[in-house]
Amino acid sequence: MSKVKIHVFSIADYEEEEIWLRKQHRQGLRFIKIVPPCFYVFEECTPEDVVYRLDYQNRSASSDYKQIFQDYGWEYAGNCSGWLYFRKPASEVQQENDGEIFSDTQSKVDMIQHVVNTRMIPLLVIFFCCLIPNWVRSLNGSLGKVDYFLMVFFSGLIVLYLLLILHCGRKLMKLREKYRQE
């Protein structure tokens with residue numbers, strides 16, 4: 001039987017997402033897929049401690065890429081918006097690095113940089129090239145009902161984007177520093 005849960009994670013919250021997916025599996029819900037933006041589909045299963053790991057590739061995984069992970073005991077669980085989901089029973093994690101999909105800290109740092117280049121920079125471009133000019137244009141209107149609505153709409157989007165940019169930027173920088181110190 002399938003069950004859908006709604007949960008929102010940003011591009012910088014992937015470690016929290018891994019923990020949340022593991023918790024769901026311990027409660028008897030095996031991750032099946034994500035329907036963007038935030039609908040997680042699970043199937044009921046026997047509760048088990050399963051480690052989940054995410055990798056960001058900004059594309060679907062090739063069969064060769066999946067095979068590499070499979071050779072190390074990871075099951076490919078799906079993908080969403082460039083994120084690839086892998087899982088492995090915790091009982092198969094004998095050493096600390098068995099529970100990680102990256103073999104070194106530089107790979108983790110490189111993944112963070114890839115997220116910044118393919119997600120944060122486009123977010124900033126949209127913010128500065130689309131939202132700000134449209135907001136300024138809405139301020140210069142005659143403040144009729146439509147102009148007022150547009151001003152409020154773009155003001156709300158600017159606040160939302162600023163919060164998202166600050167949250168993700170700060171968190172990705174902290175993750176990068178954390179990985180560099182490992």
Side-chain angles (χ1 to χ4, degrees), residues 2-24 29 31-42 52-62 65 76-87 101-102 105-182:
S2 293
K3 184 172 186 175
V4 176
K5 288 192 170 195
I6 298 172
H7 206 296
V8 177
F9 292 102
S10 75
I11 57 175
D13 296 330
Y14 64 91
E15 287 183 336
E16 289 85 350
E17 188 174 1
E18 292 171 345
I19 293 166
W20 184 74
L21 290 170
R22 185 175 187 173
K23 181 181 173 188
Q24 299 308 307
L29 295 173
F31 170 72
I32 300 298
K33 67 179 178 178
I34 299 175
V35 178
C38 58
F39 301 97
Y40 288 77
V41 180
F42 296 92
Y52 281 83
R53 291 292 180 257
L54 277 69
D55 184 17
Y56 180 73
Q57 293 292 313
N58 199 32
R59 56 179 156 63
S60 296
S62 68
Y65 192 78
Y76 176 74
N79 68 66
C80 181
S81 302
W83 289 97
L84 309 175
Y85 293 74
F86 296 94
R87 66 177 153 238
I101 59 174
F102 296 107
T105 56
Q106 186 59 45
S107 297
K108 292 178 183 180
V109 171
D110 291 345
M111 184 189 77
I112 295 294
Q113 191 59 49
H114 190 56
V115 170
V116 168
N117 291 345
T118 60
R119 291 298 170 98
M120 285 297 294
I121 291 174
L123 193 65
L124 289 169
V125 168
I126 290 169
F127 181 75
F128 286 111
C129 295
C130 296
L131 286 180
I132 297 294
N134 281 306
W135 180 71
V136 170
R137 200 171 307 129
S138 73
L139 292 176
N140 293 331
S142 62
L143 287 183
K145 287 184 181 181
V146 173
D147 293 326
Y148 182 75
F149 171 77
L150 287 175
M151 181 187 68
V152 170
F153 176 73
F154 284 115
S155 296
L157 279 178
I158 285 173
V159 169
L160 182 65
Y161 262 71
L162 278 175
L163 291 173
L164 186 62
I165 289 167
L166 290 173
H167 168 76
C168 292
R170 181 182 56 83
K171 192 150 188 188
L172 288 170
M173 285 175 38
K174 282 184 177 181
L175 284 169
R176 185 178 6 210
E177 288 310 309
K178 172 185 153 186
Y179 295 152
R180 285 183 175 155
Q181 293 175 5
E182 287 183 350

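The figures that follow rest on heavy atoms only: side chains count, while hydrogens, waters and symmetry mates do not.
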Atom NZ of Lys5 with >12 non-hydrogen neighbours under 6.0 angstrom: yes

Heavy-atom side-chain contact between Tyr40 and Trp20 under 4.5 Å: yes

Student check: side-chain heavy atoms of Lys178 and Lys174 closer than 4.5 Å: no

Interatomic spacing from CZ in Phe31 to CZ in Arg87 - rounded to 0.5 Å: 7.5 Å

Residues forming a side chain to side chain contact (heavy atoms under 4.5 Å, CB included) with Asp13, sequence neighbours excluded: Phe9, Ser10, Glu16, His167, Lys171

Atom pair OH (Tyr14) and CD1 (Ile112), whose distance is rounded to the nearest 0.5 Å: 3.5 Å

Gap between atom CG of Leu131 and atom CG of Leu123 - 0.5 Å precision: 9.0 Å

Derivation of the side-chain contact (heavy atoms from CB on, under 4.5 Å) call for Ile34 and Glu17: CA-CA 12 Å; Ile34 299 175; Glu17 188 174 1; 3.7 Å; yes

Atom pair OH/OG of Tyr56 and Ser81 - distance to nearest 0.5 Å: 8.5 Å

Set of side chain to side chain contact (heavy atoms under 4.5 Å, CB included) partners for Leu162, sequence neighbours left out: Phe127, Ile158

Derivation and outcome, salt bridge (Lys or Arg N to Asp or Glu O under 4.0 Å), residues Glu177 and Arg180: CA-CA 5 Å; Glu177 288 310 309; Arg180 285 183 175 155; 3.4 Å; yes

Output field: ring centroids Tyr76/Phe86 closer than 6.0 Å: yes

Spacing of Asn79 atom CG and Asn58 atom CG [to the nearest 0.5 Å]: 11.0 Å

